[in-house]
Amino acid sequence: MMRDFRDAKAMAQTLREAIKPKAELTHSESLELIAKVLGCQNWNVLSAAVQSAGGAARDSSAARSDSSEPHEIRLDPVILDRYVGFYHLAEQGVMTISREDGRLTSRLTGQPGVPLFAESRTKFFARVVNAQISFVTDAVGVAQSLVLHQNGLDIPMPRIDANEARRIEELVAERLTGGQPSPGTEAALRRLIEGFRSGQPHYDEMTEVVAEATRQQMPTLQSEISDAGPAGLVEFVGVGNGGVDVYLVRHEQRMLYWRIALNARGAISTAWVSPGL
């Protein structure tokens, strides 16, 4: 798994050297080609996505240390099959749970599958990302919802049927191919940035999950955004995984990538910041 944007740059350099006897590629052309190969619209979207996955405290793909990994137990396939299905992650996509080779696999819309390992009858952990999933079951043990535990957050997802899951994923696919920002995300992002800088974010414009995460991380966020300075040019660079809008913001002191999504009520359901190149 690519862990840092420098890996993508190394791939681009390898590509340039490999085809040099037959053709000349500029550095920027090779970066754009690598981005396309990796399924991104352009280099800006790729670097934003990889840097988002490369942070420290908010890293959604940081590997667990061996010392903190729970002990895996094996569950009867009959139990696992009660968790198989589709779960709704706000308006951003679907968490699909399937059973493969005696284990569960989770897959968020637009992302590769992640194997899950049981640590109890209802709680599972991943090894390739620092995340856990708990299933909420009914009286006969069939999951009615799940909770994703990641980055210090507990994100509930209700079970939905296959038709609803297909509809949501088709909407996300349309956004990815359309390559246009969702209405209101730029204005919401500007207000969010100013709220971080002033230390008074508009919590009423966020979902409960995002508001709680913001409260927990507010001292760090205020320091980081204040150091970056006021926002200047805000440039939409593409639609990222899960249908979130990716913006490159040229702050007074440095550039930052922001990823933002709004739910059907217009509340911020995803907000993520990472360093620009």
Side-chain angles (χ1 to χ4, degrees), residues 1-3 39 52-53 57-173 207-210 212-213 216 241-244 261 263-264 269-270 272:
M1 181 176 180
M2 187 165 54
R3 298 296 302 141
S52 292
R58 294 184 296 279
D59 182 3
S60 65
S61 59
R64 281 180 185 269
S65 63
D66 291 339
S67 60
S68 65
E69 184 175 292
H71 174 69
E72 180 191 6
I73 64 172
R74 303 293 290 190
L75 294 177
D76 191 303
V78 173
I79 296 174
L80 298 180
D81 285 342
R82 294 169 181 165
Y83 306 144
V84 169
F86 307 96
Y87 302 82
H88 189 194
L89 176 59
E91 278 69 32
Q92 301 166 45
V94 175
M95 173 80 81
T96 300
I97 302 294
S98 57
R99 180 167 66 86
E100 301 174 10
D101 299 325
R103 288 192 177 93
L104 294 182
T105 295
S106 67
R107 184 186 64 80
L108 278 172
T109 300
Q111 299 184 19
V114 174
L116 299 176
F117 304 88
E119 60 178 291
S120 74
R121 189 182 181 93
T122 59
K123 190 170 183 179
F124 295 73
F125 65 95
R127 287 182 171 139
V128 298
V129 295
N130 190 0
Q132 301 81 42
I133 286 178
S134 298
F135 290 95
V136 181
T137 64
D138 60 15
V140 295
V142 176
Q144 301 302 302
S145 65
L146 65 78
V147 180
L148 173 65
H149 310 283
Q150 192 169 23
N151 303 321
L153 303 178
D154 299 317
I155 305 171
M157 302 184 201
R159 184 193 280 272
I160 56 177
D161 63 30
N163 289 334
E164 179 66 4
R166 188 180 306 109
R167 183 190 69 82
I168 294 169
E169 294 207 318
E170 287 174 352
L171 288 175
V172 173
T207 63
E208 292 183 7
V209 171
V210 173
E212 180 58 28
Q216 293 177 9
N241 286 340
V244 300
N263 67 12
S269 56
T270 294
W272 195 279

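Residue numbers count from 1 along this sequence. Values reported hereafter were calculated over all heavy atoms of this structure, with side chains retained and with hydrogens, waters and symmetry mates removed.
The two residues A126 and V114 have their closest heavy-atom pair at CB-CG1, 3.7 Å. Of all non-hydrogen atoms in V210 and T270, the two that sit nearest each other are CG2-N, 4.0 Å. Of all heavy-atom pairs between D76 and V78, the closest is OD1-N, 2.7 Å. The shortest non-hydrogen separation linking G102 to L80 is O-CD1, 3.4 Å. Nearest heavy atom pair, residue L146 against residue L148, reads CD1-N, 4.0 Å. Scanning both residues, R159 and A143, for their nearest heavy atoms gives NE-O, 2.6 Å.
To the nearest 0.5 Å, atoms CD1 (I160) and NE2 (H88) are separated by 6.0 Å. From M157, atom CE reaches atom CZ of F86 across 14.5 Å, with rounding to the nearest 0.5 Å. In this structure, NE2 on H71 lies 9.0 Å from CZ on F125, to the nearest 0.5 angstrom. Expressed to the nearest 0.5 Å, how far CG of L116 lies from NZ of K123 amounts to 13.0 Å. Within the model, atoms OH of Y83 and CD1 of I133 stand 12.0 Å from one another, a figure rounded to the nearest 0.5 Å. Between R82 atom CZ and D138 atom CG the span is 9.0 Å, to the nearest 0.5 Å.
Using a 4.5 Å cut-off on side-chain heavy atoms (C-beta onward), R99 and D81 make contact. Within the 4.5 Å cutoff, the side chain of F124 has no heavy atoms near those of the I97 side chain. Looking at L104 and V84, their side chains come closer than 4.5 Å, going by heavy atoms from C-beta outward. Looking at heavy atoms from C-beta onward, N130 lies in side-chain contact with Q132 at the 4.5 angstrom threshold. T109 has its side chain out of reach of I168: every pair of non-hydrogen atoms, C-beta onward, lies at least 4.5 Å apart. Using a 4.5 Å heavy-atom threshold, the side chains of R107 and S98 count as separate. The side-chain heavy atoms of V147 and S145, taken from C-beta on, include no pair separated by under 4.5 Å.
Looking only at distances, no side-chain donor or acceptor of E119 sits under 3.5 Å from a matching main-chain atom of F117. Not a single donor-acceptor pair under 3.5 Å links the side chain of R103 to the backbone N or O of P115.
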Check the pair I79 / R121 against side chain to side chain contact (heavy atoms under 4.5 Å, CB included), numbers first and verdict last.
-> CA-CA 8 Å; I79 296 174; R121 189 182 181 93; 3.3 Å; yes

Please test M95 against L89 for side chain to side chain contact (heavy atoms under 4.5 Å, CB included), starting from the C-alpha separation and ending with a verdict.
-> CA-CA 7 Å; M95 173 80 81; L89 176 59; 5.7 Å; no

Output, in order, the C-alpha distance, side-chain angles, deciding distance and verdict of salt bridge (Lys or Arg N to Asp or Glu O under 4.0 Å) for R167 and E164.
-> CA-CA 5 Å; R167 183 190 69 82; E164 179 66 4; 2.8 Å; yes

